[in-house]
Participant: 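Please find one structure pasted underneath; my questions will follow.
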2 protein chains.
Amino acid sequence: MAKILPDRSQKILEAIIEEYIATAQPVGSKSLTRNHGIKLSPASVRNVMAELEELGYLVSPHTSAGRIPTEKGYRFYVDTLLQVNDLNSLQKDQIESQYRQHGLQMSDMLREASRTLSTISRYTGLVMVPRLKVTIFRHIEFVRLSPRQILAVFVTQSGLVQNKLVEIDEELTSRDLEQITNYLNHTMTGLSIQEVRARIVTEMTQEKALYDHLLRRAFALSSAALVDESTGDIIIEGTSYFLEQPEFSDLKCMKRIVQTFEQKSILIDLLDRGLDAVGVQVIIGSETKYSELADCSLITAAYSGKRGTLGTLGIIGPNRMPYSTIIPIVEYTASLISNLLDTDND
Amino acid sequence: MAKILPDRSQKILEAIIEEYIATAQPVGSKSLTRNHGIKLSPASVRNVMAELEELGYLVSPHTSAGRIPTEKGYRFYVDTLLQVNDLNSLQKDQIESQYRQHGLQMSDMLREASRTLSTISRYTGLVMVPRLKVTIFRHIEFVRLSPRQILAVFVTQSGLVQNKLVEIDEELTSRDLEQITNYLNHTMTGLSIQEVRARIVTEMTQEKALYDHLLRRAFALSSAALVDESTGDIIIEGTSYFLEQPEFSDLKCMKRIVQTFEQKSILIDLLDRGLDAVGVQVIIGSETKYSELADCSLITAAYSGKRGTLGTLGIIGPNRMPYSTIIPIVEYTASLISNLLDTDND
DNA sequence: TTTGGCACTCTGCGTAAAGGAGTGCTAAGG
DNA sequence: CCTTAGCACTCCTTTACGCAGAGTGCCAAA
């Protein structure tokens with residue numbers, strides 16, 4: 001499959017892709033020889049280009065235009081040609097400084113991450129909020145809003161506050177609630193939500209629970225409160241950067257993309273894919289499997305807390321993206337967030 | 001100032017504005033006489049149009065185009081010509097049905113309101129989240145994230161959860177925190193945050209507090225937790241509808257507007273203006289005082305809970321908006337939300 | 001006061017022509 | 001055998017021009 005290209009062809013392909021990334025214009029043989037230190041005549045370059053087109057790495061929009069990379073071209077570029085430069089300390093500092101504010105809690109931090117990704121890259125920043133099930137139980141509180149409605153407020157180890165409205169069949173007194181709260185906070189702190197749920201299930205079947213009415217209701221309430229029925233949430237920042245990409249100057253197509261963003265579900269799915277991966281993931285165009293995003297690429301990386309992966313973050317932009325500069329930005333941001341979550345509260 | 005126009009001129013102005021709202025095209029004298037039941041010759045209409053232009057209600061983009069309304073024209077239309085049709089029960093039901101889901105807590109409801117405003121109107125929906133200071137104290141909880149960091153989680157009467165990270169100078173034990181929490185929850189429930197703050201200030205100066213170390217710290221912590229330093233927050237839905245407005249087909253100008261949305265602060269300011277007003281407010285173009293929004297209009301209304309105004313909601317779109325259909329939508333949504341907040345939890 | 005008529009203006013659109021960038025092919029050269 | 005210069009060809013883009021259409025302003029007549 002991944003047939004190795006002759007060295008020269010690779011060099012030319014690389015030059016074409018980088019030129020196209022920089023200019024958004026089809027790249028011709030002449031301009032290549034001028035600007036990219038290629039010591040060949042335009043005619044030779046043309047031969048190679050024809051060959052690369054044959055192999056599917058390039059296309060020309062019409063007979064007498066230059067070439068532009070195909071998805072396969074970008075994929076090859078990302079997989080084998082690209083060498084990512086590390087960030088210099090100035091850039092690192094620029095990113096890091098955004099998190100140095102005081103009183104930044106986790107939700108602020110995630111929003112800040114999305115915003116920083118966006119402003120630094122000049123593309124659209126994406127940060128997935130950790131799913132309930134991967135977070136670690138720190139504290140739960142039940143607030144009775146009406147006799148049958150209880151608001152469960154739940155704080156994770158890293159300081160993320162989530163809440164859920166639970167409807168109950170049978171009224172609970174303030175005293176009952178207090179006891180349930182105390183019980184949960186004393187037995188469950190430090191466990192992951194998955195563990196908490198497992199614990200609840202086993203305890204529910206144990207003798208004690210069968211006879212203790214209150215305990216039974218405690219379990220019912222808390223398992224209802226900890227069901228993760230949400231489809232996930234993401235923080236999107238910098239949609240406006242899309243509007244400056246020449247490839248989306250068509251309003252029709254632009255609108256489809258912005259709508260996709262607003263809907264969120266597709267982006268959630270795409271970020272989900274990066275959850276189990278290590279390092280930076282690149283999803284190019286149709287690899288997203290969504291026709292709405294056929295001209296968009298994502299660069300994502302997972303971030304983690306003390307106890308494993310919490311979520312993913314990244315940026316989305318047109319296929320024609322400066323991968324070499326974006327990838328380290330995403331990578332560094334993910335590791336930074338991971339560090340902050342690891343060391344923050346212990 | 002508001003010189004009364006002759007009846008006939010008003011009719012023609014109204015027809016022009018409505019035609020322009022419908023078509024986004026400059027309106028000519030001929031097409032007016034054709035479609036709007038105006039029993040005059042084009043020539044007479046032209047005379048009136050020239051007069052209206054003289055008075056500043058209309059402009060023509062160039063010599064041989066039709067006329068389009070100026071801001072002054074829209075303002076006159078909204079203030080004196082416009083008659084808002086009430087919603088029929090079908091439309092009301094369509095809006096109402098969005099809130100009939102179970103397990104909808106306040107934050108979901110506000111998001112839903114923004115989304116519904118947007119989809120029904122086909123413009124961009126805006127909902128301001130109630131400021132901390134206007135909400136009513138229901139429950140507070142302090143979760144210690146690290147020795148010096150305390151996450152204050154705060155539930156309002158209507159079930160809105162807000163939280164804030166407080167840095168403290170002196171460590172507090174779990175027991176201390178528990179006592180403080182109990183104290184606050186017992187004495188403050190049902191008061192507005194402003195009242196709570198006032199109460200804290202007076203009690204702090206009273207004898208008891210001077211000698212009780214814990215109490216003093218309780219006050220310090222809770223007043224820090226209840227300071228409303230946030231600039232407010234709004235929920236924006238349906239930005240993509242902007243992309244289908246012909247007046248914003250220029251990407252440059254489009255981008256400025258979307259950026260303004262992302263920044264939020266300007267929209268917050270504009271929604272703030274409607275806080276003390278009764279009924280529906282219309283802000284047209286430069287009345288916003290922001291050049292970025294010179295071609296945008298807002299239609300807003302305040303919503304309230306049991307104890308007075310909580311926030312505002314509305315929609316934003318181009319100046320050329322079908323005010324007669326949007327105004328009742330905003331009005332009805334605001335009253336619906338107010339009702340839901342009034343009767344929901346008592 | 002209203003209206004028909006008329007000359008005028010400006011936009012928008014389609015066609016045509018010129019210019020330019022790039023290609024593919026061929027044949028000569030190292 | 002690979003490389004390169006030359007050349008004809010293609011197709012897009014820009015510019016120019018003319019023309020139709022819509023609308024205006026003004027004047028004179030009803």
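Only a predicted model underlies this, so the values are computations on that prediction, with no experimental measurement involved. Below, read A as the first sequence line, B as the second, and so on, with proteins coming before strands; counting in each chain starts at 1.
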Participant: Return the minimal non-hydrogen interatomic distance between B/Ile234 and B/Lys264, and the atom names on each side.
Facilitator: O-NZ, 3.1 Å
Participant: Just the rounded figure in Å: distance from P of C/dG24 to CG of A/Leu52.
Facilitator: 12 Å
Participant: List for me each residue that meets side chain to side chain donor-acceptor pair (under 3.5 Å) alongside B/Glu331, sequence neighbours excluded, and say none if there are none.
Facilitator: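 Scan of B/Glu331 (side chain to side chain donor-acceptor pair (under 3.5 Å), adjacent residues dropped) gives none.
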Participant: Return all side-chain donor-acceptor pairs below 3.5 angstrom for residues 75-86 of chain A, not counting sequence neighbours, or 'none' if the list is empty.
Facilitator:
unit_1  : atom_1 : unit_2   : atom_2 : d
A/Arg75 : NE     : A/Glu287 : OE2    : 3.0
A/Arg75 : NH1    : A/Asp79  : OD1    : 3.2
A/Arg75 : NH2    : A/Val282 : O      : 2.8
A/Arg75 : NH2    : A/Glu287 : OE1    : 2.5
A/Arg75 : NH2    : A/Glu287 : OE2    : 3.3
A/Tyr77 : OH     : A/Glu18  : OE2    : 2.9
A/Thr80 : OG1    : A/Phe76  : O      : 3.1

Participant: Can you check the A/Arg8 CZ to D/dT4 P distance for me, whole Å?
Facilitator: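 Distance, rounded to whole Å: 8 Å.
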Participant: Would you say A/Glu237 and A/Thr124 are linked by a side-chain donor-acceptor pair, where the criterion is simply a distance under 3.5 Å?
Facilitator: no
Participant: Restricting to salt bridge (Lys or Arg N to Asp or Glu O under 4.0 Å), what partner residues turn up for A/Arg273, sequence neighbours left out?
Facilitator: A/Asp269
Participant: Among all residues two or more places apart in sequence or in another chain, which pass the side chain to side chain contact (heavy atoms under 4.5 Å, CB included) test with A/Ser297?
Facilitator: A/Ile284, A/Asn319, A/Met321, A/Tyr323
Participant: Atom pairs, N/O to N/O, protein against nucleotides 12-16 of chain C, distance under 3.5 Å?
Facilitator:
none

Participant: Step through it carefully: locate the ring centre of B/Phe242, locate the ring centre of B/Phe261, and say whether they are under 6.0 Å apart.
Facilitator: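 B/Phe242 vs B/Phe261: aromatic centres under 6.0 Å.
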Participant: Classify the side-chain pair B/Thr300/B/Gln281 by whether it contains a donor and acceptor separated by less than 3.5 Å.
Facilitator: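 Not at all, the side chains of B/Thr300 and B/Gln281 share no donor-acceptor pair under 3.5 Å.
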Participant: Which letter, B, S or -, goes with each nucleotide of nucleotides 11-30 of chain D from 5' to 3', with contact meaning a protein heavy atom under 4.0 Å?
Facilitator: BS---------BBBBB----
Participant: Calculate the interatomic distance between A/Leu32 atom CG and C/dT23 atom C1'; express it in whole Å.
Facilitator: 14 Å
Participant: Figure out the CG/C1' separation between A/Leu40 and C/dG30, and round it to whole Å.
Facilitator: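 The answer, rounded to whole Å, is 15 Å.
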Participant: Measure the distance from CD1 on A/Ile68 to P on C/dT23 and round it to the nearest whole Å.
Facilitator: 13 Å
